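Worksheet: one structure, shown below.
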Amino acid sequence: MTFYLRTEGIKQEDIAKLSVLNSADASIIASLTSPEPCLLEGARGTGKSFLMRIAEAKVETDNAAALSVFVSFNISSLVATDDRLQFYHWMLAKTLKALINKLRKRGLSVSPFAASLLSNDEFSEQADVERDLRHIVKQFEESYRGQSQVAISSLPDIEDVKEAIESICVENNLERVYFFFDEAAHVFRPDQQRQFFSLYKDLRSPFITCNAAIYPGVTFFGDSFEPNHDCIYKRLERNITDSDYLQYFKDIVDKQCDENLRANIDAQRDIFNTLVLASGGNPRNLLRTLQDLDKINSSSINKQIKTFYRGLIWQEHTERGEKYRGHQALIDWGRDFLEKQVIPAIEHFNNSRKDKGVDESTIYFWIHKDCPASVKEALRLLTYTGIIRKVDASIRATRSELGARYEVKYGCVIASESSPTIESPTFFKNLSLKKFPEFGRNHPAYAEIKDIKSHQLTEEQYVRSLAHMLAKPIDVLNLLTEWQKSKLRAAGINSIEELHLKTEEDLIDKIYQVGPARARIMKNAANAELLEYLSG
């Protein structure tokens with residue numbers, strides 16, 4: 001059975017049908033729909049985009065005088081011009097283009113005065129401004145090919161933008177415009193992220209609320225942005241020890257599965273729970289592993305847990321180093337540290353407790369606050385991947401030393417057992433947050449990764465990495481189905497760049513049995529997977 005693994009592949013009208021919300025989700029949505037700006041932090045696949053889409057719809061459902069505008073910056077990997085503030089200018093153009101497009105769809109007008117503020121070309125018609133912005137956005141998004149300079153002189157000043165939005169609100173009886181920024185900036189280009197937060201802060205106005213989805217561990221806010229003071233800061237984390245955790249994820253699966261699969265899961269609920277716990281709170285990982293199961297039985301689930309959490313999840317982490325060579329040493333060391341030091345230490349702790357008849361188990365570890373910066377950077381990248389989660393900081397361990405406590409994904413620990421489905425119930429019941437192996441400030445494993453400066457990604461390295469990735473075959477896009485890949489190959493679309501350059505119309509023309517609706521779903525799903533691949 002095939003599941004929706006990405007929000008981009010779901011029609012807006014189907015989002016509500018597939019949603020499962022607990023109290024934590026409701027709190028996040030309340031923050032995203034409040035007048036205050038909100039940042040939503042979560043690892044890949046945890047459902048940030050999904051909650052943003054729910055909030056986007058709720059804003060207008062609850063208040064007819066509000067306008068919500070969803071803007072995805074996932075194509076930021078392809079922006080590469082000589083403009084020092086290229087990302088800021090591209091974001092501004094893309095945001096205004098999305099705003100005008102949404103106004104048109106709602107049948108709302110842009111006065112000549114507001115239109116003139118939105119364009120330094122002195123256009124006074126909405127259509128002219130939209131066409132101008134569309135052209136600028138396209139130039140930026142094709143800049144990776146080195147074809148042309150972008151005419152940023154036609155972009156408005158940020159103060160003119162805020163004045164124009166105020167004018168639009170007054171003229172159309174709107175109280176506020178809510179921007180929802182998804183994929184806020186390329187995670188391996190810190191300068192892009194700093195420029196994003198400059199725009200995020202610059203747009204603050206009584207008529208504008210900005211919300212954004214960001215990743216843990218790899219977000220750079222810059223010197224002028226303080227997340228704890230400049231916005232509501234929410235974290236999307238689903239703790240496996242929460243009382244509603246197992247039922248919550250069962251409900252997510254129930255929303256998408258057929259009656260036959262639902263009946264099989266109900267009949268084998270205990271072993272299904274092992275798969276749910278293994279995902280470590282990540283809906284995408286659960287749906288991926290469930291989708292690849294042959295049957296709902298112990299043998300199949302044990303095999304899948306070992307395949308995914310001992311192989312595929314690590315492979316995907318390592319591939320980020322191969323894609324972005326400037327980070328390869330950090331990424332490779334992080335994997336080695338987890339596989340050769342942390343997980344064996346956790347296993348040793350668990351086995352020693354079992355041998356002594358003590359009812360304790362752990363999936364946690366502790367790192368001294370004064371460990372080398374390069375170690376913290378490697379752990380940040382593992383957090384982004386979702387293999388580990390930072391539970392808290394400034395925790396006292398042995399000898400009252402302070403450090404940060406991390407959680408290793410449950411599946412990565414339980415996968416080492418001969419039969420995860422048999423061991424999991426007792427292991428989970430005995431799980432203790434207070435028990436963990438410790439890694440002090442001078443652990444021997446840190447020696448080989450002390451100099452972080454030699455592992456930073458330069459712009460030249462990034463451009464080379466991007467060109468290398470665009471030439472890759474579409475086979476590397478793991479979340480596209482084999483049917484989708486076969487249809488794309490049959491249409492002569494073999495590389496990532498060829499896929500990126502094709503429009504929905506091209507897919508309709510070239511792929512048999514694919515109409516407009518299916519072409520749009522394929523294009524959206526392909527774009528999302530393609531751009532996530534490029535972003536790391």
Side-chain angles (χ1 to χ4, degrees), residues 1-29 40 42-58 61 236-305 307-309 313 386 409-411 414 420-421 424-425 428-429 479 481 483 521 524-525 528:
M1 181 170 181
T2 302
F3 295 100
Y4 290 113
L5 299 176
R6 296 187 182 282
T7 300
E8 294 86 349
I10 306 173
K11 296 176 183 177
Q12 182 64 23
E13 58 267 28
D14 291 335
I15 292 284
K17 301 175 190 174
L18 297 174
S19 67
V20 176
L21 304 177
N22 59 15
S23 58
D25 295 333
S27 174
I28 288 171
I29 291 170
L40 177 57
R44 306 183 89 153
T46 52
K48 300 183 300 298
S49 298
F50 196 90
L51 290 181
M52 293 254 289
R53 282 293 191 184
I54 292 174
E56 176 201 10
K58 184 174 173 57
T61 301
L236 179 54
E237 295 179 328
R238 298 184 176 90
N239 194 325
I240 63 173
T241 61
D242 288 344
S243 59
D244 66 342
Y245 176 86
L246 292 172
Q247 186 58 48
Y248 177 81
F249 278 85
K250 170 66 161 55
D251 292 342
I252 288 176
V253 172
D254 282 348
K255 288 279 186 174
Q256 293 199 40
C257 70
D258 57 29
E259 290 296 330
N260 185 50
L261 179 57
R262 189 177 297 114
N264 288 336
I265 289 173
D266 289 339
Q268 301 277 12
R269 185 66 186 273
D270 286 344
I271 61 172
F272 171 75
N273 284 345
T274 304
L275 198 65
V276 176
L277 291 169
S279 73
N282 189 303
R284 186 184 297 169
N285 283 347
L286 172 60
L287 294 174
R288 282 182 70 181
T289 49
L290 183 60
Q291 183 173 272
D292 292 339
L293 281 180
D294 297 325
K295 296 179 180 178
I296 305 294
N297 59 30
S298 291
S299 175
S300 185
I301 287 179
N302 286 338
K303 179 181 177 182
Q304 182 61 11
I305 287 175
T307 298
F308 189 82
Y309 294 104
I313 199 169
K409 190 173 288 294
Y410 188 94
I414 202 72
T421 53
S424 181
F428 177 68
K429 184 180 70 173
L479 297 191
T481 66
W483 181 87
I521 291 171
N524 288 346

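Keep in mind that what you see is a predicted model, and the values were worked out from it rather than measured.
A donor-acceptor pair under 3.5 Å links the side-chain atoms of Thr289 to the main chain of Asn285, judged by distance alone. With hydrogens and angles ignored, the 3.5 Å screen pairs a side-chain donor or acceptor of Arg262 with a backbone N or O of Cys257. Formation of a donor-acceptor pair under 3.5 Å by the Ser279 side chain with backbone atoms of Leu286 is not found in this model. Remark: side-chain polar atoms of Asp242 are not paired, donor with acceptor, to backbone N or O of Asp244 under 3.5 angstrom. The closest donor-acceptor contact from the side chain of Thr307 to the backbone of Gln304 lies at 3.5 Å or more, if one exists at all. At distances below 3.5 Å, not a single donor-acceptor pair connects side-chain atoms of Arg238 with backbone N or O atoms of Ala24. For Lys409 (side chain) and Ala278 (main-chain N/O), no donor-acceptor pair under 3.5 Å exists by modelled atom type. A side-chain donor-acceptor contact under 3.5 Å links Asn302 to the backbone of Thr421.
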Please lay out, stage by stage, how Ile10 and Arg53 fare under the test side-chain contact (heavy atoms from CB on, under 4.5 Å). CA-CA 10 Å; Ile10 306 173; Arg53 282 293 191 184; over 6 Å; no
Does the pair Asp254 and Lys250 meet the rule for a salt bridge (charged side-chain N to carboxylate O under 4.0 Å, His left out), with working shown? CA-CA 6 Å; Asp254 282 348; Lys250 170 66 161 55; 2.8 Å; yes
Give the intermediate values and the outcome of side-chain contact (heavy atoms from CB on, under 4.5 Å) for residues Phe428 and Asn273. CA-CA 11 Å; Phe428 177 68; Asn273 284 345; over 6 Å; no
Please determine whether side-chain contact (heavy atoms from CB on, under 4.5 Å) holds for the pair Leu236 and Asp25, giving the CA-CA distance in whole Å, both sets of side-chain angles, and the decisive distance to 0.1 Å. CA-CA 8 Å; Leu236 179 54; Asp25 295 333; 4.0 Å; yes
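In terms of heavy-atom proximity, Gly45 sits nearest to Pro283 at O-CD, 3.2 Å. Minimum heavy-atom separation, Tyr410 to Ile240: CD1-CD1, 3.5 Å. Taking each heavy atom of Lys255 and Leu18 in turn, the nearest pair found is O-CD2, 3.6 Å. Looking at every heavy atom in both residues, Arg44 comes nearest to Asn282 through O-ND2, 2.6 Å. Nearest heavy atoms, Ile265 versus Leu290: CD1-CD2, 4.4 Å. Heavy atoms only, all atoms of each residue included: Ala57 and Gln12 are closest at CB-NE2, 3.7 Å.
Between the side chains of Tyr4 and Asp14, not a single donor N or O lies within less than 3.5 Å of an accepting N or O. Counted by atom type alone, Asn297 and Ser299 present zero donor-acceptor pairs between their side chains at under 3.5 Å.
Residue pairs that meet the ring-ring contact (aromatic ring centres under 6.0 Å, His included) test with at least one member in residues 276-303, sequence neighbours left out, do not exist here.
Rounding to the nearest 0.5 Å places CD1 of Ile15 at 12.0 Å from CE of Met52. If you take NZ on Lys295 and CG on Asn264, they are separated by 10.0 Å, rounding to the nearest 0.5 Å. Phe3 CZ to Leu261 CG: the interatomic distance, rounded to the nearest 0.5 Å, is 5.0 Å. Taken to the nearest 0.5 Å, the CG atom of Leu51 stands 6.5 Å off from the CG atom of Leu40. Atom CG of Asp292 sits about 11.0 Å away from atom CG of Leu287, to the nearest 0.5 Å. The CG atom of Leu277 sits 6.5 Å away from the OG1 atom of Thr274 when rounded to the nearest 0.5 Å.
Contact of the Ile54 side chain with the Leu21 side chain is registered, since non-hydrogen atoms from C-beta on lie closer than 4.5 Å.
Every residue meeting the ring-ring contact (aromatic ring centres under 6.0 Å, His included) condition with Phe249, not counting sequence neighbours, appears here in chain and number order: Tyr245.
Within 6.0 Å of NZ in Lys303 there are 12 or fewer heavy atoms belonging to other residues, nucleotides or ligands.
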